[in-house]
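The analysis underlying the following values was restricted to heavy atoms, covering all of them including side chains, and did not include hydrogens, waters or symmetry mates. Here the structure is a predicted model, which is why all the values come from computation and not from measurement. Residue numbering restarts at 1 for every chain, and letters A, B, ... go by the order of the sequence lines.
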Number of protein chains: 2
Amino acid sequence: MAHDIAALKARLAGIALEDNPALVRQKSRDFFWYSPTLKRQLDTVAGEIIATPSSEGEVLRILEACFALGIPVTPRGAGTGNYGQAMPLAGGLVLDMSGLDKVLEVAPGRVRAQAGAIIADIDTACRSSGQEVRLHPSTYRTASIGGFIAGGSGGVGSITWGGLRDLGNIIRLRIATLEATPRLLELSGEEVEKVAHAYGTNGIILEVEMPLAPAYDWIEAIIGFEDLNRAAAFANALGEQDAILKKLLSVIAAPLPQDYFLRHRKYLPAGQHVVLAMIAPIASAAFDSFTARWGGNVLFHSDRAGTEEARGLPPLYELAWNHTTLRALRVDPAITYLQTLYPFPDQLALVARIHEELGDEVPAHLEFVRFDGKITCFGLPLVRFTDEARLEAIIARHEALGIPVFNPHRYTLEEGGMKQTDAVQLAFKRETDPAGLLNPGKMIAWENPDFDFATGRTYLFPGLSAQA
Amino acid sequence: MAHDIAALKARLAGIALEDNPALVRQKSRDFFWYSPTLKRQLDTVAGEIIATPSSEGEVLRILEACFALGIPVTPRGAGTGNYGQAMPLAGGLVLDMSGLDKVLEVAPGRVRAQAGAIIADIDTACRSSGQEVRLHPSTYRTASIGGFIAGGSGGVGSITWGGLRDLGNIIRLRIATLEATPRLLELSGEEVEKVAHAYGTNGIILEVEMPLAPAYDWIEAIIGFEDLNRAAAFANALGEQDAILKKLLSVIAAPLPQDYFLRHRKYLPAGQHVVLAMIAPIASAAFDSFTARWGGNVLFHSDRAGTEEARGLPPLYELAWNHTTLRALRVDPAITYLQTLYPFPDQLALVARIHEELGDEVPAHLEFVRFDGKITCFGLPLVRFTDEARLEAIIARHEALGIPVFNPHRYTLEEGGMKQTDAVQLAFKRETDPAGLLNPGKMIAWENPDFDFATGRTYLFPGLSAQA
Ligand SMILES: Cc1cc2nc3c(=O)[nH]c(=O)nc-3n(C[C@H](O)[C@H](O)[C@H](O)COP(=O)(O)OP(=O)(O)OC[C@H]3O[C@@H](n4cnc5c(N)ncnc54)[C@H](O)[C@@H]3O)c2cc1C
Ligand SMILES: Cc1cc2nc3c(=O)[nH]c(=O)nc-3n(C[C@H](O)[C@H](O)[C@H](O)COP(=O)(O)OP(=O)(O)OC[C@H]3O[C@@H](n4cnc5c(N)ncnc54)[C@H](O)[C@@H]3O)c2cc1C
């Protein structure tokens with residue numbers, strides 16, 4: 001890593017820079033430590049300098065300078081990714097986008113914002129129009145919209161709107177390339193797939209245009225069942241109620257809620273498997289009828305909790321998605337997790353099957369979503385971690401049963417995803433990052449075109465061993 | 001029919017009444033003539049007097065008087081039903097609800113209106129809030145909201161929100177009973193199922209509260225395919241695109257569009273099977289990408305048609321749902337139709353199968369919807385009518401292949417629906433209409449509890465032969 005940081009600083013006069021090693025190290029990390037594997041692999045990773053531009057013009061100056069000097073550029077939103085996505089494996093410059101945080105325009109059905117804007121702040125700006133973003137990660141209050149698009153996949157809202165990369169969930173992106181003279185490109189329609197969930201390897205997102213949905217004071221409910229399969233069947237059936245508008249539908253097996261949802265604990269009797277639901281107030285009576293038909297125990301209902309009592313509680317979505325894992329980790333640092341898909345139409349049978357076999361070691365956490373037009377569920381099961389070999393065996397067992405695993409213990413796009421080259425993203429990287437300086441080490445297809453995914457071998461970015 | 005109409009008139013002084021036989025006959029009819037069978041059976045049906053109340057108080061006075069005098073009461077919205085639902089089979093009073101047409105309250109996510117309000121007028125009142133009703137029949141510009149709830153089933157919007165009776169698509173109903181002293185009842189949650197699609201046999205709907213969705217200037221598109229099965233597969237796949245917000249998704253086999261969509265004819269080359277789609281403008285680019293992937297021919301796109309040119313065209317939804325049938329009937333009075341369901345997950349195979357066998361005699365018209373959480377399609381195929389026996393044979397053939405038929409050639413709730421007693425609606429009628437005076441002859445379970453649906457025999461209301 002012989003990057004000429006001094007020359008870079010000279011070229012970037014007037015732009016906020018930081019090269020204090022402690023601060024640089026801090027801004028070179030994300031939630032990679034969720035994974036014991038990534039923790040081992042990435043703990044020493046650090047960039048060499050942080051730049052925090054406050055305008056598009058400054059971003060372009062930074063990109064031009066880095067290209068000229070051959071310095072890697074790793075974009076960073078809020079650093080809440082949990083696969084080391086935002087970690088600069090080859091050192092160089094960390095491009096902190098938090099200074100580009102303006103909400104530019106709110107219109108019926110859509111919002112335009114700079115990539116560094118915090119998602120919750122976007123919603124605040126939309127609120128007076130009665131609208132909010134369709135989808136957000138459970139890190140809503142801290143994550144940036146650009147980081148969500150480049151590094152996330154869906155979350156709260158996916159029960160109605162599907163995944164973030166589904167055609168129509170991102171209207172338009174404005175990006176900058178990393179070339180001698182960086183270009184600005186506008187992508188819409190299917191073109192957004194070129195950079196959505198590409199970890200910033202083929203363009204810096206400057207501005208986004210996202211669809212909006214009506215904003216509600218969502219009812220938060222926790223429904224309990226004695227039996228996990230019944231809880232899952234209830235959630236599935238509620239998901240299939242097309243007219244009951246909802247934003248979250250999670251199932252969490254006992255004893256996880258009782259052990260880890262500390263501030264909600266008084267609502268959670270021992271043995272109850274819980275369904276977390278966010279329901280539009282207009283559907284309140286319909287939801288009550290539906291829950292009663294299923295014999296669900298209403299353990300918590302935000303409309304019926306006293307305001308005093310509700311004040312101390314985190315929002316319900318901060319018990320769900322990857323926040324379930326976070327709450328578990330806070331109590332028991334030996335916990336880790338997986339990300340799985342229970343494919344339609346066998347989702348309930350597969351949940352029952354794997355839970356019967358591994359339920360104590362891999363307790364269930366399901367997130368129901370719309371997926372290709374059907375209701376099914378992702379799993380974010382917790383894992384009582386022993387060693388990496390056992391973790392691999394658990395993954396293999398899931399896959400043998402027909403439950404694909406999106407491995408959250410890998411830092412590359414392909415290994416954490418579909419285990420194959422994304423030809424569109426690769427081709428786009430050839431256009432936008434000819435020197436391969438954008439977030440190096442994350443796209444195997446670029447770094448090692450001959451890598452054979454079929455072997456099951458883990459990809460190790462050579463640049464990383466250079467750092468260690 | 002020895003109803004004491006003179007005594008009734010005396011009691012109803014001050015309320016708008018009409019007993020001119022020509023006018024009474026006119027307001028005793030609906031679109032029953034869509035069906036050659038119903039046309040034969042119901043052509044002579046007429047009430048004895050029309051009352052047009054202008055307030056809830058007047059409705060209650062009418063109901064009290066009719067109960068006292070034993071006079072049947074058949075509610076009427078706009079009379080656009082097409083199974084003779086609103087026709088007074090036992091004579092008596094037709095309760096014209098068109099005077100109760102006020103929009104009472106528009107709030108985020110919901111609207112409260114009187115039952116006689118025209119659906120398009122409700123949307124006009126909601127428009128300044130950026131909202132519109134979720135669902136409407138293709139008779140949007142003429143039908144009343146109360147008539148839709150009592151007599152309809154879904155339509156434009158069902159591709160996103162499912163059927164009208166799905167829990168959550170009706171928030172609350174306020175109804176009046178027909179008793180010595182009529183009562184007012186409020187129904188919410190699953191209670192609304194007691195009177196939704198009950199043809200007004202067990203309560204007069206006075207006021208409704210309906211959920212709202214964001215209003216858009218929906219893009220209207222007509223996409224053509226050489227092959228019907230490809231058109232259906234495209235529509236199915238577009239339906240499954242969770243993030244492309246849409247309001248209508250219909251498939252109409254050639255040569256129907258060419259023969260019957262007269263004002264759109266210049267857009268419709270011979271041989272093209274068409275998909276009609278209403279798409280939210282925010283999904284425009286996504287929809288274009290999706291259509292291009294499928295190789296669909298964009299025959300018409302409202303955003304790209306000249307305004308002059310577009311001025312002469314009916315709204316796209318007036319080519320769809322039962323308006324397809326209406327347009328065919330206008331050109332060829334010998335046409336009739338069926339209402340079918342192609343059950344998920346076999347919908348495309350069933351469409352292909354039946355069309356291959358009967359496509360010339362029963363050309364396909366599909367309406368894609370969300371149904372129990374999945375995308376599938378209803379059929380409203382046209383039928384080149386020869387005689388009633390052949391029509392029955394066509395119905396039997398559909399059912400033999402596993403395509404349920406909701407027979408639109410029957411005037412009873414059960415025969416046009418699930419061919420079984422709705423125990424909830426029957427029990428409610430016992431409470432709300434103890435004398436059986438509300439819309440007599442429409443609920444077999446009430447008129448003839450021993451009727452055996454299994455025989456396949458058509459129910460004939462005895463009161464009807466008394467009229468003929
Ligand atoms: C407790 C917890 C819960 C979570 N829940 C969810 C969830 O529900 N759903 C979900 O999808 N994820 C979830 N995540 C992961 C993560 O929080 C989200 O994806 C989040 O949206 C990332 O935003 P960020 O601003 O923190 O991005 P960062 O972590 O800073 O960056 C993410 C990736 O995007 C790249 N990037 C950032 N900004 C840009 C830009 N402007 N242009 C190009 N590339 C850029 C980075 O290089 C990196 O590869 C969770 C993580 C945690 C720790
Ligand atoms: C061209 C055409 C297209 C159509 N498209 C559709 C469609 O897309 N979807 C669909 O569902 N239907 C459709 N229909 C049927 C019909 O138009 C609709 O269901 C419409 O909503 C009925 O409303 P209306 O006011 O005309 O009711 P009416 O026909 O007057 O009444 C319908 C039924 O409701 C009862 N009723 C009316 N008002 C009340 C009240 N206040 N309280 C209790 N009972 C009451 C009547 O007694 C009758 O049984 C179509 C019909 C035609 C002719």
Of the backbone (N, CA, C, O) and the side chain (C-beta and beyond), which part of A:Leu212 lies under 4.5 Å from a heavy atom of chain B, both, or neither? backbone
Testing the basics here: between [X] and [Y], what is the closest heavy-atom pair and its distance to 0.1 Å?
X	Y	value
B:Trp161	A:Ala243	O-CB, 3.9 Å
B:Ile282	A:Pro211	CD1-CB, 3.9 Å
B:Ile244	A:Leu167	CG1-O, 3.3 Å
A:Ala285	B:Ser188	CB-OG, 4.1 Å
A:Asp242	B:Phe371	OD2-N, 3.7 Å

Side chain from CB out, backbone as N, CA, C, O: work out which of these in [X] comes under 4.5 Å of a heavy atom of chain A, or both, or neither.
X	result
B:Asp288	neither
B:Ile171	side chain
B:Gln241	side chain

Would you mind telling me which of B:Ile170, B:Asp166, B:Asp372 has the largest number of heavy-atom pairs within less than 4.5 Å of chain A? B:Asp372
Scored by heavy-atom pairs under 4.5 Å with chain A, the best of B:Ala283, B:Gly162, B:Gly109 is B:Gly109
